[in-house]
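Quick notes on the structure that follows.
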Amino acid sequence: MDTGILILRLLVGLLVAGHGVQKISSHLGGRGLEGGTEEFRADGFRGGVLTALAAGSGQIGSGLLLAGGLLTPLAATGAIGVMTVALTVKWHNGLWVQNDGYEYPLVLIGTAAALAATGPGAWSLDAFLGLAPYPLWWAALALVAGLGSGLLTRLVLHRQAPTAQTAARGER
């Protein structure tokens, strides 16, 4: 079981971290911080560079913590939060990824929640430092806090779609 959890942690953690690297740099096929900023603006978010930096840093940090199995409930909370924002962006496209849907963020949210519930396994920094196992209520807290922070981020930073009147005046 510990081998499976290790593989899952490494796969999901490194994918989440890599996604963050793409938001703020030209590594791993990213378009740099300017490209990340443009992506958030195109998706209707305020904040520009600061939003891209916060999202990218959150993904890198939570992904690396998940991969290492360090502070697993906190790492899961971060991953769930940033992927909840991504899910809300893709929601209108439906579930399936071939239609640019929310399938991929949903899988990452579910996996992060499952890792919070199972714990990081014996081959983790949490186990090495004596932090694991965590009580099961940490998993519930990680899920609620992650979903809540993602939805709150969407609510605070996302602009309303322009109405016919504001569009005619060039406002947003």
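Keep in mind that the numbers below use all heavy atoms, side chains included, and drop hydrogens, waters and symmetry copies.
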**Between NE2 on residue H158 and CG on residue L151, distance to nearest 0.5 Å** = 13.0 Å
**Sidechain-backbone polar pair: E103 side chain, V97 backbone, donor-acceptor under 3.5 Å** = yes
**Request:** List in chain and number order the residues that pass side-chain hydrogen bond (donor to acceptor under 3.5 Å, both in side chains) with E39, two or more places apart in sequence or in another chain; answer none if no residue qualifies.
**Result:** K23
**Message:** Any non-hydrogen side-chain atom of R154 less than 4.5 Å from a side-chain atom of V89?
**Reply:** yes
**Prompt:** Can you name the side chain to side chain contact (heavy atoms under 4.5 Å, CB included) partners of L129, sequence neighbours left out?
**Reply:** L70, L131
**Message:** My understanding is that only residues two or more places apart in sequence, or in another chain, count here; which of them pass side chain to side chain contact (heavy atoms under 4.5 Å, CB included) with S25?
**Reply:** V21, H27
**Message:** Can you confirm whether T51 sits close enough to R46 that some side-chain heavy atom of one is under 4.5 Å from a side-chain heavy atom of the other?
**Reply:** no
**Shared hydrophobic cluster for V82 and L106 (ILVMFWY, side-chain gaps under 4.5 Å)** = yes
**Complete:** Smallest heavy-atom separation, L87 atom then P105 atom, equals N-CB, 3.9 Å
**Prompt:** Do Q59 and M83 come within less than 4.5 Å of each other through their side chains, counting heavy atoms only?
**Reply:** yes
**Request:** Count the heavy atoms of every other residue, nucleotide or ligand shown that sit under 6.0 Å from CD of E38, and state whether that count exceeds 12.
**Result:** yes
**Asked** Side-chain heavy atoms under 4.5 angstrom apart, residues restricted to Ile, Leu, Val, Met, Phe, Trp, Tyr: same cluster for L115 and L65?
**Response** no
**Asked** Is Y104 reachable from I109 through a run of I, L, V, M, F, W or Y residues, each pair having side-chain heavy atoms under 4.5 Å apart?
**Response** yes
**Item:** Joint hydrophobic cluster, I60 plus L28, side-chain heavy atoms closer than 4.5 Å
**Value:** yes
**Asked** Hey, mind stepping through T84 and T153 against side chain to side chain contact (heavy atoms under 4.5 Å, CB included) and telling me if it holds?
**Response** CA-CA 9 Å; T84 297; T153 298; over 6 Å; no
**Prompt:** Hey, any chance V85 and L50 share a hydrophobic cluster, counting ILVMFWY side chains that come within less than 4.5 Å of each other, even indirectly?
**Reply:** no
N/O donor-acceptor pairs under 3.5 Å from side chains in residues 133-141, not counting sequence neighbours:
{"from": "Y134", "atom 1": "OH", "to": "D126", "atom 2": "OD1", "distance (Å)": "3.1"}
{"from": "Y134", "atom 1": "OH", "to": "D126", "atom 2": "OD2", "distance (Å)": "3.2"}

**Complete:** Residue set satisfying side chain to side chain contact (heavy atoms under 4.5 Å, CB included) with A52, at least two apart, ordered chain then number -> L33, T37, F40
**Message:** Which heavy atom of P73 sits nearest to which heavy atom of A142, and what is that distance?
**Reply:** O-CB, 3.6 Å
**Fill in**
Closest non-hydrogen atoms of A79 and A112, given as atom of the first, atom of the second and distance, are CB-CB, 4.1 Å
Can you give me every donor-acceptor pair (side chain of residues 3-15, partner residue at least two apart or in another chain, under 3.5 Å) with its distance?
{"from": "R9", "atom 1": "NE", "to": "L66", "atom 2": "O", "distance (Å)": "3.1"}
{"from": "R9", "atom 1": "NE", "to": "A67", "atom 2": "O", "distance (Å)": "3.3"}
{"from": "R9", "atom 1": "NH1", "to": "P120", "atom 2": "O", "distance (Å)": "2.6"}
{"from": "R9", "atom 1": "NH1", "to": "W123", "atom 2": "O", "distance (Å)": "3.2"}
{"from": "R9", "atom 1": "NH2", "to": "A67", "atom 2": "O", "distance (Å)": "3.2"}
{"from": "R9", "atom 1": "NH2", "to": "W123", "atom 2": "O", "distance (Å)": "3.0"}

**Asked** Which heavy atom in G121 sits nearest to a heavy atom in A127, and how many Å separate them?
**Response** O-CB, 3.6 Å
**Prompt:** Is there a side-chain contact between Y102 and L95, using heavy atoms and a 4.5 Å cut-off?
**Reply:** yes
**Prompt:** Do L108 and I80 have side-chain heavy atoms sitting under 4.5 Å apart?
**Reply:** no
**Value rounded to 0.5 Å, distance of CG in L147 from OG1 in T88** = 11.5 Å
